[in-house]
Amino acid sequence: MRRVLIVACGNPLRGDDAAGWRIAEALEARLPAAENEVVTCRQLTPELAERMSRAETVLFVDASATAAPGSVSLEPVAAARAAAATLTHHLEPAALLGLTRLLYGRAPRRAFALLIGGQSFSLAEELSEPVRRALPEALGKIEAFVTQRTAESRAVRI
Amino acid sequence: MGKKIVIDPVTRIEGHARITLQTDDQGVVQQAYFHVTQLRGFETFCAGRPFYEMPNLMARICGICPVSHLLASAKACDALLAIRVPPVAVQLRRILNLAQVVQSHALSFFYLASPDLLLGMDADPAERNILGVAGAHPELARSGIRLRQFGQQIIELLGGKRIHPGWVVPGGVSEPLSGEKRERMLAMIPEALGTAQSTLVWFKQNLEKYREEIRTFANFPSLFLGLVTAEGQAEYYDGQLRITDAQGAIVADQLDPARYAEFIEEAVEPFTFLKFPYYKPLGYPGGMYRVGPLARLNIAERCGTPLAEQEWVEFREIERGAVLSSFHYHYARLIEILHAIESILRILEDPEILSPHVRANAALNNAEGVGVAEAPRGTLLHHYKVNEQGLITWANLVIATGHNNLAMNRGILQVARQYVRGEKLTEGMLNRVEAVIRTFDPCLSCSTHAAGAMPLVVRLVGPDGALRDEVRRD
C-alpha cells in the first residue's frame, strides 16, 4: 500500500492551471517512489478511485481560480455522500473520496488538498509570475506533509 | 395557446446543447429542436498549417475521442503522401483505435447512461449519477472503471499518454511495439473479456425493464452507414462504406470514403451549429441515416470474432430487418467492447506485430486527401486540400455526431410526444428527452468543455415570451 498518493490535477495548456503538473514533475525526482506515488490528470475521474483505495493518504494538488494569486493553502477534504446531479465523468475531490469508499470499501484515512491561487488560466504553457514564485513554498509544504505522514505511519506500525 | 419548452443545457453528454420543444394548445409536442450552441470552426483554424502538423492538431480538438481524430487525420495525410503504410503499422493503429472504442464505450455506458438504466428515469437527480450507481451496484461500477482503464492503459502503452497520444504519424507510427508492452497488454485481456461478458449477461437479463424506452427512444426506420470489409464484415479502421435500410437491405455498398461528397451532402439549419449530413440520392431530410455502434451492427454480415459473433447473432434476432430502436445503441456498445477486446487479442497474438518496420516515408504527392475511421460514435471523415508547399488550404471534418444529427432531432420529437404532456413538467419526463440523446452518445464540442457545474433549466415559455413554468436542478 502506498503511504501517500499525490494527485496533481489541471490542464498544462491553460496557464496557471498547470501548477499541479509542474509540482508533480518536481516531486517525482524528490519523493521516494517506493513509498509514494504521483499521478497527473486533467480532471478527477472515477478511474482514480481504484488507486486511491490502495493509499493511506491522498493529497490533491490543484490551482484555484478563486484564491489570491500565489497563495498556497493546505486543507482537509471530507468524503461526500452525493455528487453534483449533473456531473458527467469528472468529480470533485470529496465526491471521489466518497466513490472510493463505496466501490472498494475503503478510502485513504486522510485526504488533503493543496491549492495554489492562479492568476491566469488563458491558453499558455507558462505559469504567471505569482504562481512561479509560489512553487518553492508549495513544494516545501508537500515535502513536510509527506515526511510527517511517513513518520506517523511508521509510528503506527511500531 | 402553444408553448415552448427549453431544456438547457442537456446533461451527461459530451459538450453543451439545448433542447426546445414546441407544444400546441392541447400541450401536445409539435416540434423538437436539438441546438448545439457552440461554434466549432476547426476547419478554418487549420488553414495555412503544414499538413504534417494535422494529426497532432486534430488530436487536440477533442478530449474524448482524440485517438479517432488522430487516426482519421493521419490517414488523410497518408493519402496526401500517396504512401503505403507498413502492414504492422496498420495493425498497431488498429489496436489503438479498438482500445479507444473500449474506453469510450465504457465511459458512455457505465458513467453516463447507467445512472438512468440502473436507478430509473424517475429517480432523484441527486442520486442518479455515478455515485448513486456505486452505492446501489458497486460491482457494475467497478466493471466500468476496469474496462475504461483497460482501454486507457493500452492507449498509454502505445501512444505514450492516455489523452492526445502523438504516436500515429503520416506513413505509420513513430515507434514499434516492444515485447514487454505486448506482454503487458496480453495480460490485461482475460479480465477485460470476463468483465465485458458479465456486463452483457446482466444487460440482457434486464432488457425487459426498458420495454417502453426501447419502443419510444428514436425507434423509427432510417438508413444506417458505416465501414465494412470487402466481405461485409464489421470494420473499424479501413474498408469501404456501406449503407443499408430499415429492412436490412443493402442500399449502396463498397463506396469509396474518399468520394464521400458524391453521396453525402451536409445541410445547414438556422437553429444549430451542427450540420445535417444526409444520403444525397434520397434528398433532405429523407436521406437521414444513423452511424455508430447500432449502425455498425446493422450493416455488418458478421462480427468476425467468436464471442462477439454469438452476441451479434442474438442482437440481430431482436428484429427481422435492422434493429431500429436507438435504445439499443447501449446494447450494441457492449457487444462492440467485447469485439474490440477479442480483436486486440487476435492482433497481438501475431508475432509479426513486433516487427520494427512501422513507418514509410514519402514527399507530398497529392493535393487532396481523405482519411476515414470508425470512431466510437461512428464514421469519422477528415478531408484536406494542400498547396504545393504542403500548407492546408481547405479542410472538412465530418464528425460522427453530425451524421446522427437528423436522427437525434427526430428521436427527441418521438420521445417528447410520448412523455411530455400539458403544462406540468416532471424530472422523469424531461430526463427521458435527454436520455434519448444519450443513447447516441453525442460528442458535441470536441474539447470545448466548460468548467464547473452544469445546471439543468427547463422553461415553459408562451408565444408572448412570458415564463409559464420552470424546473431547475443545480
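Because only heavy atoms are used, hydrogens play no part in the values below, and waters and symmetry mates are left out as well, while side chains stay in. Just so it is clear: chains get the letters A, B, ... in the order the sequence lines come, proteins before strands, and each one is counted from 1.
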Can you confirm whether more than 12 heavy atoms, excluding those of R184(B), are under 6.0 Å from its CZ atom? no
In terms of heavy-atom contacts, does CD of E25(A) have more than 12 from other residues, nucleotides or ligands at under 6.0 Å?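 Correct, the count exceeds 12.
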Scan for ring-ring contact (aromatic ring centres under 6.0 Å, His included) pairs involving residues 107-144 of chain A, sequence neighbours excluded, and state none if there are none. F112(A)-F145(A)
Rounded at 0.5 Å granularity, tell me how far [atom1] in [X] sits from [atom2] in [Y].
X	Y	atom1	atom2	answer
Q149(B)	L48(A)	CD	CG	9.0 Å
R101(A)	L131(B)	CZ	CG	12.0 Å
E50(A)	R148(B)	CD	CZ	13.5 Å

Kindly give the heavy-atom pair with the smallest separation between L13(A) and R60(B), and that separation in Å. CD1-NE, 4.2 Å
For L103(A) and P138(B), which heavy atoms make the closest approach, and how far apart are they? CD2-O, 3.6 Å
Partners meeting side chain to side chain contact (heavy atoms under 4.5 Å, CB included) with S104(B) (sequence neighbours left out): P376(B), R377(B), D441(B)
